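Reminder, nothing fancy here: chain letters follow the sequence lines and each chain counts from 1. What you see is a predicted model, and the numbers here were worked out from it, not measured in a lab. Values below: all heavy atoms of this structure, side chains included; hydrogens, waters and symmetry mates excluded.
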Amino acid sequence: MVSSNPFGEFRQACQAALSEAIEALYPSLSAEYLSVEIPANMIFGQLASTVSFDLGRKLKVSPQKLAAQICGGIETENYSLLRDVEVAGGGYINFHANFADLSKVTVNSALALDAAYGYVKTDKPETVIVEHTSANPISPINIGQARNPILGDALARILAARGHTVFRHFYVDDVGRQTAVVAYGYKKLGEPPLKGKPDHYIGLIYTLTSCVIEINRLKHRIEQEKNSTSDTLEQLRRHLDEWTSIATELEKKHPKLFGQLLKKIAEDDDIEGLVSSLNLNYETGADSAVKKLVRDVCKLSLDGIKETLANIEVVFDSWDWESTFTWNSSVSKILERLKATGYVFEKGPVLEFDAEKVAAEFKLKQAFGLKEDYEIPSLTLLRADSTTLYTTRDIPYSLWKFEKAEKVINVIGMEQRLPQLQLKLALWALGHVNQAKGLIHFGHNLVTLPGYKMSSRRGRYITLDEVVAEAIRRARDEVEHRSPTMSEDQKHKISRIVGIGALKYALIEVDPIKPVVFTWDRVINFERNSAPYIQYSYARACSILRKGTKKLNEANYSLLVEPLEHDLVFALSRFPEVFVDVAENLKPSIVADFANGLADKFNRFYSLFPVIKAQPEPLSKARLAMVKAITVVLRNSLELIGIVAPEKM
RNA sequence: GGGUCCGUAGCCCAGUCCGGAUUAAGGCGCCGGCCUUCGGAGCCGGAGACCGGGGGUUCAAAUCCCCUCGGACCCGCCA
């Protein structure tokens with residue numbers, strides 16, 4: 001017998017047994033949806049019910065007595081996976097699995113389904129776009145943002161494994177002030193040939209330019225505000241001080257480029273105006289020279305970003321340029337439609353979207369988890385110079401995505417919660433209710449450096465490239481040390497698999513909602529509770545399989561009687577339902593935890609019991625088959641989070 | 001000022017949505033063991049937490065409710 005969800009079969013058997021027994025005792029009760037849960041300890045069985053506490057209260061019977069009655073009414077022989085039911089504690093009903101059968105079904109299923117084991121298919125397959133990373137094409141991806149591609153890629157893998165049709169999209173944010181700034185600096189420097197990796201060099205130009213511009217802007221403001229309140233002036237001076245010290249820092253590191261830029265920018269009187277006009281002209285697409293300039297800079301930077309992503313095996317199906325939507329007038333059309341809804345108003349020189357009014361009139365606050373008296377801030381749609389803002393452009397972009405998919409998952413930092421909400425409300429206001437409902441903001445916290453926040457504008461960041469290189473270098477040291485006889489080619493390959501695996505694991509194991517503080521030690525530790533530990537366990541298991549090549553047909557699973565073997569079978573049998581939970585609730589961190597737990601059990605088993613030399617032979621075969629099943633589940637779970645399982649390391 | 005989220009051993013982190021059972025699960029670090037058996041990136045043992053604090057609901061609270069303290073983020077004509 002092969003089952004796509006062995007533990008699910010056991011769960012259903014327990015639930016059926018339970019409800020039949022209850023209905024037999026109390027025919028008037030409908031006991032259909034009884035949940036059974038995994039108890040704290042295996043000695044209480046594999047599933048347990050607390051139904052007698054609730055029911056006992058309702059019926060005014062002691063829970064213990066009721067539990068005993070229910071237990072008495074369960075015919076275990078009707079359910080092959082159920083060995084025993086017992087009352088325990090103050091009225092728990094504990095279900096003990098028949099491990100001879102559960103082991104057999106589980107191991108056979110894992111071996112038979114192999115690469116598909118655990119990936120239970122949804123009965124409602126959808127087309128899903130996972131938009132992730134979408135890093136600004138003006139600087140390299142830094143470690144602060146690095147959770148995004150890794151979580152996004154994991155989500156895409158998980159949803160695809162669930163049977164959905166998944167497209168991975170990268171939104172290239174080439175419209176906006178930041179690209180105008182870098183293009184301005186690049187132009188001022190005479191469009192210099194790039195040194196090193198293009199995103200790193202463009203990133204440097206961006207940082208330097210934006211620093212010079214910021215200082216210039218602050219000096220002008222201080223001049224203007226000379227006679228205003230001391231508070232404002234004070235604040236401006238503080239900002240100027242901060243930027244001046246950043247400038248000193250940058251000048252020290254890049255004296256030549258910085259000096260060159262400073263000299264060139266000094267030629268212009270109205271820097272702000274030049275940057276704004278670059279922004280406006282790029283957005284409208286009116287000036288072909290500007291179009292080319294900004295596009296070129298973004299493309300250069302994006303080439304570097306693509307290289308970074310390809311290096312960690314994160315791939316995309318589509319690169320969506322934001323400018324497409326301003327150039328083809330999708331944005332202006334949406335603005336017209338939005339104006340017609342009546343939820344748009346003018347506030348001084350700018351145009352605003354009244355998100356609050358939409359939420360109130362459609363009574364959406366509760367559904368969106370907001371307090372009734374919370375007033376949702378309005379969203380600025382157009383600047384005074386009539387250029388659009390990021391979220392404005394996101395409206396037509398989102399609708400475009402919905403032409404291709406029923407569900408859109410935006411993997412973006414938590415800090416974008418409000419704009420994502422405003423976006424949803426804008427779709428609602430436009431009458432695109434299904435799209436608004438199908439838009440999911442997968443918010444995550446950032447990776448922070450101890451002491452300060454990473455900032456591209458301030459040039460304070462550690463690039464993902466650096467971290468990846470360092471991870472691989474450290475893995476290489478380990479490989480040299482532990483497998484000196486391995487071929488150069490193999491060493492290179494394994495170092496990459498281990499180094500990148502460790503990095504991915506470190507960023508995926510923590511609940512996305514919580515921040516991760518970056519330390520080299522944390523992200524690149526090859527000790528337990530990390531990808532290398534799981535990978536090592538996998539390699540060990542593979543090693544056993546290479547040596548134990550006997551046929552498995554006479555395996556006797558009823559000989560797997562050790563508690564640790566039951567633990568292992570239990571974990572293997574649960575993988576499919578863990579996967580379903582992960583996929584339905586978008587919780588990739590659970591997969592990391594599950595794989596670690598399985599590796600942990602396997603290592604303990606490995607040190608305690610022989611496999612190949614186990615006696616009698618049918619036991620050896622059963623263990624061998626179980627080890628094979630362990631490799632299947634370890635590999636399949638790592639696969640979901642984008643980590644490679646190496647057969648040797 | 002308003003809003004959202006987080007707070008579990010020296011450090012990191014699971015469990016919180018859907019409240020339950022004994023010793024609240026792990027990892028790092030620390031202390032003590034294990035290289036003649038399938039790979040020591042490993043295994044075994046030990047010390048270390050009354051789950052930020054205070055109330056409440058309940059037969060039962062890390063988990064639900066209220067208050068409070070600490071931290072992060074948002075409330076931009078940035079993205």
Side-chain angles (χ1 to χ4, degrees), chain A residues 35 37 39-41 43-44 48 50 53 56-57 62-63 88-92 94 134-136 138 173 175-178 276 347-352 369-371 373-391 393-394 412-419 421 443 445-446 448 453 456-457 475 478-479 481-483 498 509-511 513-517 519 521-522 525-530 532-537 539-548 585 589-590 593 596-597 600 603-614 623-624 627 648-649:
Chain A
S35 74
E37 278 161 22
N41 193 307
I43 62 167
F44 299 124
T50 55
F53 291 96
R57 200 162 183 214
S62 91
Y92 293 89
N94 292 340
S134 303
N136 270 324
I138 51 161
D173 186 17
V175 178
R177 213 187 114 85
Q178 75 288 348
S276 294
K347 190 170 87 183
V350 304
L351 200 65
E352 295 278 318
L370 303 168
K371 286 190 178 165
D373 56 0
Y374 168 65
E375 193 172 329
I376 304 168
S378 65
L379 168 72
T380 305
L381 294 165
L382 288 180
R383 293 187 181 96
D385 71 356
S386 83
T387 55
T388 57
L389 287 107
Y390 179 81
T391 309
R393 302 186 293 266
D394 212 356
I412 317 180
M414 279 312 273
E415 72 279 3
Q416 298 234 33
R417 200 185 155 102
L418 176 60
L421 173 69
N445 225 306
L446 304 180
T448 56
K453 219 182 136 179
S456 301
R457 281 177 72 206
E478 294 294 316
V479 173
H481 180 236
R482 296 170 201 277
S483 311
V498 171
E509 69 164 337
V510 180
D511 187 338
I513 210 78
K514 297 187 180 180
V516 167
V517 177
T519 58
D521 182 60
R522 176 197 184 119
N525 91 76
F526 296 155
E527 303 299 319
R528 291 186 60 169
N529 204 3
S530 75
Y533 176 73
I534 303 166
Q535 289 168 322
Y536 175 68
S537 313
R540 274 179 137 183
C542 288
S543 173
I544 293 179
L545 298 177
R546 274 193 300 273
K547 288 175 180 149
N585 300 302
S589 62
I590 302 292
D593 196 52
N596 189 64
D600 208 13
N603 278 319
R604 249 178 288 158
F605 166 78
Y606 180 95
S607 68
L608 283 172
F609 305 105
V611 174
I612 296 165
K613 292 178 185 163
R623 283 187 177 159
L624 204 52
V627 170
K648 291 181 184 174
M649 64 185 274

Trainee: When you compare the side chains of Thr519(A) and Asp521(A), does any donor N or O come within less than 3.5 Å of an acceptor on the partner?
Mentor: no
Trainee: Rounding to a whole Å, what distance do you find between Asn596(A):CG and rC12(B):C1'?
Mentor: 13 Å
Trainee: What does Leu545(A) touch in the nucleic acid at a heavy-atom separation under 4.0 angstrom: a base, only the sugar-phosphate, or nothing?
Mentor: nothing
Trainee: Just to be sure I understand the rule, does Ile612(A) reach a base, reach only the sugar-phosphate, or reach nothing, if contact means heavy atoms closer than 4.0 Å?
Mentor: base
Trainee: At 4.0 Å (heavy atoms only), tell me whether Arg393(A) reaches a base, stays on the sugar-phosphate, or touches nothing.
Mentor: sugar-phosphate
Trainee: So what does Glu375(A) touch, heavy atoms closer than 4.0 Å: a base, only the sugar-phosphate, or nothing?
Mentor: nothing
Trainee: Quick one: label Val479(A) by what it contacts on the DNA or RNA (base, sugar-phosphate, nothing), any heavy atom closer than 4.0 Å.
Mentor: base
Trainee: Starting at the 5' end of RNA chain B, which residue's closest nucleotide do you reach first, Ala539(A) or Arg177(A)?
Mentor: Ala539(A)
Trainee: Taking OP1 and OP2 of rC28(B), is either one under 4.0 Å from a side-chain nitrogen or oxygen of Tyr533(A)?
Mentor: no
Trainee: Taking only the side-chain nitrogens and oxygens of Arg540(A), find out if one of them lies under 4.0 Å from OP1 or OP2 of rG40(B).
Mentor: yes
Trainee: In whole angstrom, what separates Ile590(A)'s CD1 from rA25(B)'s C1'?
Mentor: 13 Å
Trainee: rC11(B) P sits how many Å from Arg522(A) CZ, rounded?
Mentor: 14 Å
Trainee: Any base atoms under 4.0 Å from Pro610(A), or only sugar-phosphate, or nothing? Heavy atoms, all strands.
Mentor: base
Trainee: May I ask you to say what Asp600(A) touches in the nucleic acid, namely base, sugar-phosphate or nothing, with a heavy-atom cut-off under 4.0 Å?
Mentor: sugar-phosphate
Trainee: Taking any heavy-atom pair under 4.0 Å as a contact, classify Ala541(A): base, sugar-phosphate, or nothing.
Mentor: nothing
Trainee: Under 5.5 Å between ring centres and under 30° between planes: true for Tyr536(A) and the base of rG39(B)?
Mentor: no
Trainee: Measuring to OP1 and OP2 of rA41(B), would you say a side-chain N or O of Arg482(A) lies under 4.0 angstrom away?
Mentor: yes
Trainee: Just by distance, no angles: are the side chains of Ser589(A) and Glu509(A) close enough, under 3.5 Å, to form a donor-acceptor pair?
Mentor: no
Trainee: Strictly below 4.0 Å: does Arg417(A) bring a side-chain N or O up to OP1 or OP2 of rG3(B)?
Mentor: no
Trainee: Quick one: label Tyr374(A) by what it contacts on the DNA or RNA (base, sugar-phosphate, nothing), any heavy atom closer than 4.0 Å.
Mentor: sugar-phosphate
Trainee: Atom CZ of Arg57(A) and atom C1' of rU58(B): how far apart are they, to the nearest Å?
Mentor: 7 Å
Trainee: For rC75(B), does the O4'-C1'-N9-C4 or O4'-C1'-N1-C2 angle fall within 90° of 0, making it syn, or is it anti?
Mentor: anti
Trainee: Across the strands shown, which category fits Pro419(A) at heavy-atom distances under 4.0 angstrom: base, sugar-phosphate, nothing?
Mentor: base
Trainee: Under 4.0 Å: is that the gap between some side-chain N or O of Ser607(A) and OP1 or OP2 of rC43(B)?
Mentor: no
Trainee: State whether the distance check finds a donor on one side and an acceptor on the other, under 3.5 Å, for side chain Asn94(A) versus base rA21(B).
Mentor: yes
Trainee: OP1 or OP2 of rA14(B) sitting under 4.0 Å from any side-chain N/O of Lys514(A)?
Mentor: yes
Trainee: Reckon Thr50(A) touches a base, only the sugar-phosphate, or nothing at all at heavy-atom distances under 4.0 Å?
Mentor: base
Trainee: Atom CD1 of Ile513(A) to atom C1' of rC73(B): distance rounded to whole Å?
Mentor: 11 Å
Trainee: Could you write out RNA chain B as a dot-bracket string, with dots for unpaired bases, | for bases paired across to another strand, and Watson-Crick or G-U pairs counted at under 3.5 Å?
Mentor: (((((((..(((.......[.....))).(((((.......))))).....(((((..]....))))))))))))....
Trainee: Looking at every non-hydrogen atom in both residues, tell me the closest pair between Val498(A) and Gln535(A) and how far apart they are.
Mentor: CA-OE1, 3.6 Å
Trainee: Nearest whole Å is fine: how far is rC35(B) P from Tyr606(A) OH?
Mentor: 16 Å
Trainee: Using a heavy-atom cut-off of under 4.0 Å over every strand shown, decide if Lys347(A) touches base, sugar-phosphate, or nothing.
Mentor: nothing
Trainee: Ignoring backbone atoms, establish whether Arg457(A) has a side-chain N or O less than 4.0 Å from OP1 or OP2 of rC78(B).
Mentor: no
Trainee: Can you tell me the distance, in whole Å, between the CG atom of Asp511(A) and the P atom of rU8(B)?
Mentor: 13 Å
Trainee: Grab the CG-P distance between Leu382(A) and rC78(B) for me, whole Å please.
Mentor: 12 Å
